[in-house]
Amino acid sequence: MVLLTGFNKIKTAVFISGKGSNLKALIKFSKLKKSPININLIISNNPKSKGLKFAKIFKIKKKVFNYNHKNLSEKKILFELKKNKIKLICLAGFMKILSKYFIKNFKGIILNIHPSLLPKFKGLNTHERAIKNKEKYSGCTVHIVNSKLDSGKIILQKKVKIQKYDTPKTLADKILIQEHKLYPKAIMEIFSL
Ligand code: GAR
């Protein structure tokens with residue numbers, strides 16, 4: 001449990017690779033009075049991430065790292081995080097796996113949102129696999145990031161019913177709507193008194 005001191009909000013970096021709809025939801029949440037976080041930095045491995053537009057819209061600093069050399073990119077990111085006094089990282093559709101080195105050397109909390117009911121369906125293509133497996137439910141999970149993929153302590157989960165007519169796309173859309181609510185809720189859960 002981390003306690004908020006005074007009125008200072010927790011300096012947060014959001015990592016994205018794509019569309020950034022979770023980033024947008026987190027930015028909106030961060031603007032609420034009750035929110036314990038402020039988003040100070042957006043990081044992407046992909047210069048074409050559509051989500052980078054939110055940096056401009058909401059006047060948030062952004063940095064893109066090409067990841068041609070993962071170790072070097074991670075060192076540069078760690079430097080940037082330190083420079084900006086970042087204490088919380090929210091992975092939001094960031095499609096690179098953080099190394100053990102990175103996780104050990106970031107002195108703060110790292111959260112991730114994953115589109116399945118972990119520990120089921122770690123990794124990629126979660127919706128396709130849930131449907132193929134004839135699951136009745138799938139959903140999303142916010143968890144702490146540790147050095148094992150999608151395996152850290154679970155903070156919150158939301159179940160979503162899989163209907164007979166669902167395709168990976170319709171299921172992804174339904175779950176994404178829940179992700180946008182779950183991430184802020186999980187942050188409240190971790191940081192509220
Ligand atoms: C979200 O569904 C997120 O859970 C998933 O990527 C999507 C990003 O959407 N993340 C992963 O699969 C991580 N392994 P967004 O860019 O619109 O937030």
Side-chain angles (χ1 to χ4, degrees), residues 12-31 37 39 41-58 60 62-65 67 70 74 77 88-100 102-103 109-133 135 137-162 166-187 189-190:
T12 302
V14 182
F15 286 31
I16 61 168
S17 299
K19 192 159 89 220
S21 70
N22 275 293
L23 164 64
K24 187 180 173 199
L26 287 173
I27 295 172
K28 292 206 154 163
F29 164 67
S30 74
K31 303 215 175 280
I37 65 163
I39 296 173
L41 186 60
I42 297 167
I43 286 186
S44 180
N45 63 304
N46 173 12
K48 293 192 178 133
S49 298
K50 294 220 171 76
L52 286 171
K53 71 174 181 231
F54 296 118
K56 197 165 181 195
I57 296 172
F58 292 100
I60 299 170
K62 70 162 193 254
K63 287 269 169 180
V64 179
F65 297 89
Y67 262 75
K70 180 170 171 167
E74 283 195 336
I77 295 174
L88 172 69
I89 294 173
C90 293
L91 304 180
F94 186 64
M95 302 316 262
K96 295 283 177 190
I97 295 171
L98 300 175
S99 70
K100 279 189 182 140
F102 184 97
I103 292 165
I109 297 175
I110 310 177
L111 296 177
N112 181 39
I113 187 146
H114 183 76
S116 79
L117 294 174
L118 290 173
K120 282 189 172 171
F121 308 116
K122 296 173 184 177
L124 298 176
N125 306 318
T126 53
H127 309 304
E128 208 177 321
R129 285 153 63 208
I131 290 172
K132 259 197 191 142
N133 217 37
E135 299 288 332
Y137 292 91
S138 188
C140 44
T141 303
V142 175
H143 66 94
I144 306 260
V145 172
N146 65 12
S147 56
K148 273 194 174 168
L149 182 68
D150 299 329
S151 299
K153 180 179 169 10
I154 291 172
I155 308 297
L156 278 182
Q157 293 187 305
K158 176 74 185 177
K159 260 178 159 183
V160 171
K161 188 155 177 44
I162 303 180
D166 268 322
T167 64
K169 168 83 176 90
T170 60
L171 183 58
D173 290 347
K174 276 197 292 192
I175 290 176
L176 197 57
I177 293 169
Q178 297 307 323
E179 290 183 36
H180 300 158
K181 297 180 197 163
L182 193 72
Y183 220 157
K185 237 177 150 180
I187 290 170
E189 177 104 3
I190 296 173

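We count ligands from 1, going down the list as the structure has it; atoms in each ligand are counted the same way. Each residue takes its place number in the sequence, starting with 1. Because the structure is a prediction, the values reported are computed rather than measured.
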Quiz item: What protein heavy atom is closest to atom 14 (N) of ligand 1, reported as residue, atom name and distance in Å?
Solution: His114 ND1, 3.8 Å
Quiz item: Would Lys161 and Asp166 pass as an ion pair if we require N to O under 4.0 Å?
Solution: no
Practice problem: Ignoring angles and geometry beyond distance, decide whether Met95 reaches within less than 3.5 Å of ligand 1 through its nitrogen or oxygen atoms. | Solution: no
Self-check item: Side-chain heavy atoms of Ile42 within contact of Phe58, under 4.5 Å
Solution: no
Quiz item: Taking distance alone, with no angle check, do Asn22 and ligand 1 share an N/O pair under 3.5 Å?
Solution: yes
Quiz item: Among protein heavy atoms, which sits nearest to atom 7 (C) of ligand 1, and what does the distance come to when rounded to 0.1 Å?
Solution: Gly93 CA, 4.3 Å
Quiz prompt | Donor + acceptor pair across side chains of Ser49, Ser44 (<3.5 Å) | solution = yes
Practice problem: Return a yes/no value for Ser21: is any of its N or O atoms, backbone included, closer than 3.5 angstrom to an N or O of ligand 1? | Solution: yes
Quiz item: Looking only at side chains, do Asn45 and Ser17 share a donor and an acceptor under 3.5 Å apart?
Solution: yes
Self-check item: Heavy-atom proximity to atom 3 (C) of ligand 1, best of Lys19, Lys24, Lys122, Glu179
Solution: Glu179
Exercise. Measure the distance from atom 11 (C) of ligand 1 to every protein heavy atom, then report the residue, atom name and distance (to 0.1 Å) of the closest one.
Key: Pro115 CD, 3.7 Å
Exercise. With the side chain counted from C-beta on, respond yes when Val14 and Ile43 share a heavy-atom pair under 4.5 Å apart, and no when they do not.
Key: no
Practice problem: List every atom of ligand 1 that sits less than 4.0 Å from any heavy atom of Leu176, numbering the atoms from 1 in the order shown and giving each element. | Solution: 1 (C), 2 (O)
Quiz item: Below 4.0 Å from any atom of ligand 1, is there a heavy atom belonging to Gly51?
Solution: no
Quiz item: Can a salt bridge be assigned to the pair Glu135 and Lys120 using a cut-off of 4.0 Å between side-chain N and carboxylate O?
Solution: yes
Quiz item: Where the side chain of Thr126 meets the backbone of Leu124, is there a donor-acceptor pair that is under 3.5 Å apart?
Solution: no
Quiz item: Does Ile16 have a heavy atom less than 4.0 Å from any atom of ligand 1?
Solution: no
Practice problem: Tell me yes or no: between the side chains of Lys122 and Ser151, is some donor less than 3.5 Å from an acceptor? | Solution: yes
Self-check item: Taking atom 16 (O) of ligand 1 as the reference point, the nearest protein heavy atom with its distance
Solution: Gly20 N, 2.8 Å
